[in-house]
Amino acid sequence: MTPDILFNVIIKNRSAVVNSRDVAKVFHKNHFHLLRDIDRLRTDWGKVVSLTESKNGFSSISTEPKNGDSKNKTLNPNLSPVDLETLNHVSKMKFDDCFIPSTYITKDGRTVRSYDMNRDGFTLLTMGFNGRDALAFKLAYISRFNEMEQELTKRNTLYDLEKYLRKQLTDAIQQYYTGDNLGREIMQLTNLLYMVATGHNAAKLKRDRGFSKDVSAFAEVLTSDEREAYISTENKMIGLYTSGVSDYQELKHQLSKQPA
């Protein structure tokens, strides 16, 4: 049985993706061969797009040969207008949205390429994987994609809510702060929110979870459960700050108290 940890669908750049290395492990494929298959998909994808954009492409092609010359036919003449429209629509999908270039570092220090794949990319790549085990693995991945896409929807909803609360908190700090370094106050209180909600500051969260320093910890790193805890803490902080509690240690004490 393949360990569940290998069905590693993650949220990255606000999209549910799986890395080609994990897919290779699960399906017992050589990663080099998977990269070769993806490269072939890129080549074929380009041909489809070129055909669509040409004057004899899907959007305007006649399925009848011109002047009796069968060489002028570029598509199966049995394709219906609905089929042609579907192909025209699909060809407008972007390869780089389905297969996002990535890299990893090998044990000997080499940088090697890989791909992060969204659901469409994963489906295209594994479409030809046959057999009972392959079917079971594909079904497991579909289940994980469903879970992570539901998680992504929840995260996005919470992200929109937090943007509204963030403005409230910033306005409150600007109105009630009496010190001489407003920027530092906002930064300290933001880190306090992360500490209370998750047990770690934003920098550690990003570092431990493999995110770059320049991403937003709330937008990219926190799970939906952590976002809910953060938002709850932020609501409390807004209430405390506007009621005159602005000392850092007192805020930390009040925010860290367990609800009765």
Side-chain angles (χ1 to χ4, degrees), residues 5 7-22 93-105 114-122 141 144-175 177 181-242 248 251-252 255-256:
I5 192 64
F7 298 105
N8 192 25
V9 179
I10 63 172
I11 293 177
K12 189 174 180 180
N13 297 323
R14 302 193 195 178
S15 181
V17 298
V18 62
N19 190 265
S20 55
R21 294 175 66 206
D22 291 325
M93 295 168 58
K94 294 183 180 179
F95 179 90
D96 289 338
D97 289 340
C98 298
F99 299 93
I100 303 98
S102 184
T103 59
Y104 66 97
I105 306 296
S114 65
Y115 284 95
D116 290 326
M117 296 173 282
N118 66 7
R119 181 195 286 267
D120 292 336
F122 169 82
Y141 265 121
R144 286 294 293 151
F145 267 109
N146 288 338
E147 291 173 6
M148 295 311 293
E149 286 167 358
Q150 290 172 7
E151 165 75 2
L152 182 61
T153 298
K154 190 174 181 181
R155 288 189 189 189
N156 288 339
T157 300
L158 293 168
Y159 175 74
D160 291 338
L161 174 59
E162 198 282 325
K163 283 197 300 184
Y164 172 75
L165 289 176
R166 182 69 181 178
K167 185 178 186 310
Q168 280 193 321
L169 178 60
T170 302
D171 289 347
I173 295 172
Q174 289 175 338
Q175 181 176 355
Y177 178 63
N181 195 329
L182 179 62
R184 185 178 63 183
E185 177 78 351
I186 292 174
M187 183 180 300
Q188 283 184 330
L189 295 185
T190 299
N191 264 321
L192 178 57
L193 289 172
Y194 283 109
M195 289 295 299
V196 173
T198 71
H200 303 289
N201 63 32
K204 180 171 173 55
L205 287 169
K206 287 185 276 190
R207 182 173 63 251
D208 290 352
R209 299 182 187 183
F211 288 84
S212 61
K213 295 179 180 179
D214 58 340
V215 304
S216 163
F218 190 94
E220 301 292 346
V221 181
L222 298 191
T223 66
S224 59
D225 288 343
E226 289 170 336
R227 292 179 189 215
E228 287 180 339
Y230 184 101
I231 286 172
S232 176
T233 306
E234 192 169 26
N235 261 319
K236 292 177 185 177
M237 181 180 283
I238 293 169
L240 288 168
Y241 212 92
T242 55
Y248 179 88
L251 282 170
K252 182 178 179 181
L255 294 172
S256 300

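Scanning all heavy atoms of the two residues, the minimum distance from Ile173 to Tyr241 falls at CA-CE2, 3.6 Å. In plain terms, the two heavy atoms of Met237 and Leu193 that are nearest each other are CE-CD2, 3.6 Å. Between Ser256 and Val196, the closest heavy-atom pair is OG-CG2, 4.0 Å. Nearest heavy-atom pair across Ser15 and Leu152 is CA-CD2, 4.0 Å. The minimum heavy-atom distance linking Leu169 with Glu234 is given by the pair CD2-OE2, 3.9 Å.
A heavy-atom distance below 4.5 Å is found between the side chains of Ser102 and Lys12. Looking at heavy atoms from C-beta onward, Tyr177 lies out of side-chain contact with Ile186 at the 4.5 angstrom threshold. A heavy-atom distance below 4.5 Å is found between the side chains of Leu158 and Ile231. Looking at heavy atoms from C-beta onward, Ile100 lies out of side-chain contact with Tyr115 at the 4.5 angstrom threshold. Side-chain contact between Asp116 and Val18: absent, with no pair of heavy atoms (C-beta onward) separated by less than 4.5 Å. When side chains are defined from C-beta on, Ser20 counts as touching Met117, because their heavy atoms get closer than 4.5 Å. Taking 4.5 Å as the limit, every side-chain heavy atom of Tyr230 sits out of range of all side-chain heavy atoms of Leu165. You'll find the side chain of Glu151 stays beyond 4.5 Å of the side chain of Asp225, heavy atoms only.
Lys206 places a side-chain N or O within donor-acceptor distance of the main-chain N or O of Lys213, the cut-off being under 3.5 Å. A donor-acceptor pair under 3.5 Å links the side-chain atoms of Thr153 to the main chain of Glu149, judged by distance alone. In this structure, Tyr194 contributes its side chain and Phe218 its backbone to a donor-acceptor pair below 3.5 Å. Checked by atom type and distance alone, the side chain of Asn118 pairs as donor or acceptor with a backbone atom of Asp97 at under 3.5 Å. Between the side chain of Ser232 and the main chain of Glu228, no donor-acceptor pair closer than 3.5 Å is present.
With 3.5 Å as the limit, one finds no donor-acceptor pair spanning the side chains of Arg21 and Asn8. For Ser114 and Asn19, the side-chain atoms include at least one donor-acceptor pair closer than 3.5 Å.
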Salt bridge (Lys or Arg N to Asp or Glu O under 4.0 Å) between Arg144 and Glu147, worked out: CA-CA 5 Å; Arg144 286 294 293 151; Glu147 291 173 6; 2.6 Å; yes
Could you please spell out the steps behind the side-chain contact (heavy atoms from CB on, under 4.5 Å) verdict for Ile10 and Met148? CA-CA 7 Å; Ile10 63 172; Met148 295 311 293; 5.5 Å; no
Apply side chain to side chain donor-acceptor pair (under 3.5 Å) to the pair Thr198 and Glu226, showing each step before the final yes or no. CA-CA 6 Å; Thr198 71; Glu226 289 170 336; 5.6 Å; no
Could you give me the CA-CA distance, side-chain angles and deciding distance for Phe211 and Leu205, then say whether side-chain contact (heavy atoms from CB on, under 4.5 Å) is met? CA-CA 8 Å; Phe211 288 84; Leu205 287 169; over 6 Å; no
Dump the intermediate steps for side-chain contact (heavy atoms from CB on, under 4.5 Å) on Arg119 and Asn146, then the final yes or no. CA-CA 9 Å; Arg119 181 195 286 267; Asn146 288 338; 2.5 Å; yes
Checking Thr223 against Arg155 for the side chain to side chain donor-acceptor pair (under 3.5 Å) test, could you report, in this order, the C-alpha distance in whole Å, the side-chain angles of both residues, the deciding distance, and whether it holds? CA-CA 7 Å; Thr223 66; Arg155 288 189 189 189; 5.5 Å; no
Please test Val17 against Val9 for side-chain contact (heavy atoms from CB on, under 4.5 Å), starting from the C-alpha separation and ending with a verdict. CA-CA 5 Å; Val17 298; Val9 179; over 6 Å; no
In sequence, state the C-alpha distance, the side-chain angles, and the governing distance for Ser212 and Asp214, and then conclude on side chain to side chain donor-acceptor pair (under 3.5 Å). CA-CA 6 Å; Ser212 61; Asp214 58 340; 2.5 Å; yes
I would like to know whether Asn201 and Asn191 meet side chain to side chain donor-acceptor pair (under 3.5 Å); could you show each step before the answer? CA-CA 5 Å; Asn201 63 32; Asn191 264 321; 5.1 Å; no
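Geometrically, Arg227 does not engage Tyr159 in a cation-pi contact, judged by NZ or CZ lying under 6.0 Å from the ring centre and within 45° of the ring axis.
Between the OG1 atom in Thr103 and the CD1 atom in Ile105 there is a gap of 6.0 Å [rounded to 0.5 Å]. Taken to the nearest 0.5 Å, the CG atom of Leu189 stands 11.0 Å off from the CE atom of Met187. The structure places CD1 of Ile238 at 4.5 Å from CD of Gln168, a figure rounded to the nearest 0.5 Å. A distance of 9.0 Å separates CD in Glu162 from CG in Leu222, rounded to the nearest 0.5 Å.
Every residue two or more places apart in sequence or in another chain that forms a side chain to side chain donor-acceptor pair (under 3.5 Å) with Lys204 is listed here: Asp208.
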